[in-house]
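Below is one structure, written out as structure tokens; comments come after it.
The model shown is predicted, which means the values in this text are computed figures rather than measured ones. Reckoned from all heavy atoms, side chains included, excluding hydrogens, waters and symmetry mates. We name chains A, B, ... by the order of the sequence lines, and we start the count at 1 in each one.
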Amino acid sequence: MQDGPSDGDSMFSDFLDDYFAECDEHLMGVRRLLLALEVSVGRAAINRTVLDELFRHFHSLKGISGMVELRAAEDLAHGMEEYLRVLRQGDATLTAEGVDTLFDGTQMLEQVIGARRSGAVSPSVDPVARRIARLVGPSATGASRAPSAADPASLSRPVPRWRCTFAPSADLVARGVRVDTVRKRLSSAGEILEAVPRVTADGAIAFEFVLAAELDDVVSAAWRADGIAIESIVDEAPPEEVPPAARESAGAAESELAPSGSVAPSHFVRVDLTRLDELMRNVGDLVISRARLTDTLSRVEQRIPAGDWRAIQENAIAIDRQLRTLREGIMRVRLVPVGEIFRRMPFVVRDLARETGKRVRLELRGQSTEIDKFLIERMMDPVLHLVRNAVSHGIETVEERLAAGKRPEGTIVLSAATAGDLVRIDISDDGRGIDPDAVVARARAAGLSVPPGTPDAATLLSLICAPGFSTRDESDRASGRGVGMSVVQSAIEGLSGSMWLETEKGTGTRFGVELPVTIAIADALIAKVGTETFAVPQGSIREVVEVPVATLLQVERNEVVPHRGAALPVLRLSRLFGLPETTRDRLHLFVVGVGGAAIGIAVDRIIGQREIVVRAIADSLVRVEGISGATDLGDGHVVLILDPAVLLRHMRERPDRIVTGRKGTA
Amino acid sequence: MMRADAVRGGDSYIVFTIAGTTYALPSGEVRHMEMIDDITRVPNAPSFIDGVVFSRGQVVPVVNLRARFGFERAAFDLRSRLIVVQTGSRLIGLVADAAREFVAIPPDLVQPPNEALAGMSGRYVEGIASMGDRLILILSLDRVLNFAEPLTVGTAE
């Protein structure tokens, strides 16, 4: 926003923010591509597009890390870039060790960048850097400097690419030309980079292949004769100048070939969440202004001709409706694909499977399901934990699986779907299932109370989620990392969600999680009255003032305090709620309402400001005037949310009742 | 596959004590039990309400059964339990002096309540089981939770 010369430090920190954001994007791409690369281990022909994309990501990481003078990251990225160059030139075959090194190198790169971001001490990169250097080999390293200065684009287009479209027809099939024979023919001539079925303009099916191959006229003529349309694909610009959007879509196409392809962020705009919150607050302000307008209008209604009044009412209703739409629209902007949680999981599964010597396949479904950003952040650890559990407790070793007559490779399915206002996330595995006897024995040993008989799934779930319960030795670090099941459960419940379990011994386990798609979030001031804590939505407060108790004046049955040249009636929450009076000599007042209708709601003191998740108080037993809901400030303790509008109305209508309060009823 | 909500104990009860008397609720109506931790007082709520707690992401009212049945409130101790019961989608916490056991009560041991059963809680009793030398009052959750009934003894209002 500022045009003038800005402070050098803040400019650099903005620049760093951009750097970290860009790193995130490249690292995300690298992670996705590495998984795709892994399938090519040992094969002579490595998927070219994957290599090219990886190369570009590392090349960019090297460049931008150099600009911020993060040498460790620059060197790591350079090393991996070199290895990819060697692979591309066909000077080396991709080995399992090579892929592992790339994974480890990427992890180290993340750590180095993460350390810079948090201001922590960077871990030593030397061991990983040496492993990378060994992969590249002495000859290649020596030769690498010169070509590294060259345009990497020249390396990414060594083979011309062609778009070959085949539309099957009855007479082609009669001649034995089918899509599988075409595919075979194409792959014998070069490498198929993409294969996509398309619906043509006249409703027929056509198959479009992107082929990297050297085609001569004879071959292409023969193909054309068999109904294969061929056109040359010309890159309009060298890859380095390709706009980011185009690069992203190249990555998206690739992800369809990847075994666990993730959502491609092709048309997303990065927005700082605080800006959305600001917008939300602005809408809140509008809502208040609208309420004031209604107030004012009702006072002048008598003086307005009926026809004009109707028109005003219609407009007021339209504004109401539009405000609601605007509010909902902003809530929708906060929705992000659940894939943000999922995309880390293939790594976790891969690493853990490697550590435990198991074979695990991870299937991801419904990654484009959208939930509130707030929920995404808070669901990351619980989902991570459930997935880790599935690998370390659910899936058996290869030997055990074979002995049980199962496929050696275990499958974990992570899926998300929306149902109305709820989003459901399922984590299921085809592993050994939860053994109820083992759970019961373990629970008893941990001193938990266990109902008699064979526990049902709900009981099993409550046992394994009980604090202090763990089915394995504490040394099992895989699931001990991060959080326990009790923390998983309370995190989910803290988001107004629920969890359930289905399990069958020998067959598998499924954890289901259901969450609201959006949750009501508000900024609130947290205040103390006596020993109690209350939250007050900031949107409803006009002003906060601190006054000495001595300045309060008794006027008939009301207390008032001089404020802005008028007498502001004071509502002491301590009296309304029958709580002990403050012993301090000052009070904090929340000023609500406008002009002559304003009041000050008195609390002992304000202790902070928080973003709160608003939860309804549904039960009529505890629905009381002046309390609009409840929230949890993170310790599991209920904090009641005040409803200043109701308190204001209450004060205006029945001031005498407030002063008397319920003090004598206990 | 077992579903979480599929199995509900038929004759299994949760047994708890209030002011020296033993009560029972069908275990199918009990969601879970917990130690009494931190109840947030709700100002101006009915007098037998101790406040609210969070349970499974919901705000759950806490009913003090002593107060509900017309006894004096007692301070919570290590044996005090919050029994979270469910009727429909409504979750309610009940405070009992102690609650430890699951007990299977054969239906033939359950008698209808005696007309002469004295005291407040008689109104909420659905049946009485004699198990050996002790009596267990089986509560009707609906009646315990039916707060439309006028409150008399011990509910200062």
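Distance CD/B:E34 to OG/A:S462: 11.5 Å, rounded to 0.5 Å. If you take CZ on B:R90 and CG on A:L621, they are separated by 5.0 Å, rounding to the nearest 0.5 Å. Summarising the geometry, atom CD1 belonging to B:I39 is positioned 10.5 Å from atom NE2 belonging to A:H637; distances are rounded to the nearest 0.5 Å. To the nearest 0.5 Å, atom CZ of residue B:R41 and atom OG1 of residue A:T531 are 8.0 Å apart.
Between chain B and the options A:L640, A:L461, A:D619, A:I627, the largest number of non-hydrogen pairs under 4.5 Å is found for A:D619.
For chain B, no part of A:T454 is nearby; none of its heavy atoms comes within less than 4.5 Å. Contacts of A:V624 with chain B are made by side-chain atoms alone, with heavy-atom separations under 4.5 Å and no backbone atom involved.
A donor-acceptor contact shorter than 3.5 Å is absent between the side chain of B:T40 and the backbone of A:V639.
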